[in-house]
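To start, the structure itself, in structure tokens.
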Amino acid sequence: MIKTKICDLIGIEYPIFQGGMAWTATGELAAAVSEAGGLGIIGAGQAPADWLRQEIHKIKKVTGKPYGVNVMLMSPFVDDVMQVIVEERVPVITTGAGNPGKYIPMLKEVGTKIIPVVASVALAKRLEKAGVDALIAEGMESGGHIGEISTLPLVPQVVDAVSIPIVAAGGIYDGRGMVAALALGAEGVQMGTRFMCAEECTISPKVKEMILKAKDRDTVITGRSTGHPVRCLGNKLTREFEQLEKTGTAPDVLEKMGAGKLRLAMVEGDTQNGSVMSGQIAGAVHKIEPAADIVQDVMRGAERELARLSQRFGR
Ligand code: TUI
């Protein structure tokens with residue numbers, strides 16, 4: 001049985017987080033993952049607070065198990081979103097794309113566990129001092145907004161720099177990845193791309209199909225020149241974006257061009273003009289299956305892999 005500190009901290013059966021992806025991780029997906037024993041996380045993204053409340057209520061109808069909300073700190077609605085989290089007594093929040101420091105006191109007051117995503121050792125240390133409960137160390141293999149360091153070098157450096165539990169993210173999709181993360185000192189894993197292909201994920205079937213067809217080298221990073229690098233599957237939009245970046249287009253023009261493109265892909269299913277954020281592991285995802293099967297496959301695979309390693313190299 002693989003039970004870790006992160007399981008005890010938040011009261012989950014398996015140390016698997018489903019990434020709280022904007023316009024992708026709705027109440028339906030998060031409820032299925034939580035009910036299966038992992039941590040389902042709603043992606044609040046840039047959605048208004050009312051939308052979040054409705055998704056939280058969907059989860060509460062399906063399961064009494066712990067769940068989370070991911071707060072995208074660049075959202076214009078971030079203050080209202082935090083207010084809903086406090087009012088609804090959300091058990092866990094994860095944060096992305098910034099420093100959640102100023103919200104920590106109000107969340108602690110209601111007992112919400114705070115688990116920010118970090119892409120560097122410096123921010124990890126600062127947030128530990130500010131009193132967060134755990135951290136997700138996310139490598140640049142991930143989809144969406146990313147840092148500059150890969151999972152393999154990032155996780156052990158963060159693990160060694162702080163004493164709170166670390167969840168590894170970026171490039172993980174099966175039991176082998178979980179065992180690798182545990183070997184690096186992580187207490188759990190977060191997976192996004194594989195859960196995009198869960199049956200319960202409500203994104204457009206066209207996006208799921210694009211992930212299923214993707215190969216190892218099909219993602220690209222755009223937006224480096226704006227200071228907000230984003231990993232997506234390459235398409236018409238990324239080619240146009242790359243061209244504009246090459247010719248020195250101003251960051252604010254590029255930012256404007258990116259606005260609304262994630263929704264266009266995930267909700268409207270426009271996989272050529274929309275932003276199909278996905279991790280490098282897309283090339284390994286080959287089927288659409290229930291979220292519970294994903295959770296079970298990762299856990300069984302990890303146990304099998306530990307047994308294999310111990311048989312091969314143990315005494
Ligand atoms: O947040 C993510 N991934 C995301 S957010 C998102 S929504 C979006 N929409 C339009 C444009 C851009 C994003 C899609 N994917 N992952 C967590 C993450 N956070 N990765 C890296 C970071 C990060 C980066 C810099 C966290 C903190 C940071 O610096 C903060 C500081 O103050 O030092």
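In listed order, ligands and their atoms are each counted from 1. Scope of the values below: all heavy atoms of this structure, side chains included, with no hydrogens, waters or symmetry mates. As the structure is a computational prediction, the values presented were derived from the model and not from experiment.
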Exercise. For K60, what residues pass the salt bridge (charged side-chain N to carboxylate O under 4.0 Å, His left out) criterion, not counting sequence neighbours?
Worked result: E88

Problem set entry | Candidate pair E245 and S225, rule side chain to side chain donor-acceptor pair (under 3.5 Å), full reasoning | CA-CA 7 Å; E245 282 196 277; S225 68; 2.6 Å; yes

Seminar exercise, completed: Across all chains, not counting sequence neighbours, the side chain to side chain contact (heavy atoms under 4.5 Å, CB included) partners of A302 are I2, M178, V179

Exercise. Between T112 and K108, is there a donor-acceptor pair closer than 3.5 Å when you use the side chain of the first and the backbone of the second?
Worked result: no

N/O pairs closer than 3.5 Å, ligand 1 and protein:
from, atom 1, to, atom 2, distance (Å)
ligand 1, 3 (N), H145, O, 3.3
ligand 1, 15 (N), H145, N, 2.9
ligand 1, 16 (N), E138, OE1, 3.2
ligand 1, 16 (N), H145, O, 3.4
ligand 1, 19 (N), A97, N, 3.0
ligand 1, 20 (N), E138, OE1, 3.0
ligand 1, 20 (N), H145, O, 3.3

Problem set entry | Main-chain N/O of F77 paired to D80 side chain as donor or acceptor, under 3.5 Å | no

For this session: Could you work out the complete set of other residues in the hydrophobic cluster of L39, with links drawn between I, L, V, M, F, W and Y side chains under 4.5 Å apart?
Result: I6, L9, I10, I12, F17, I41, V92, I115, V117, I136, V167

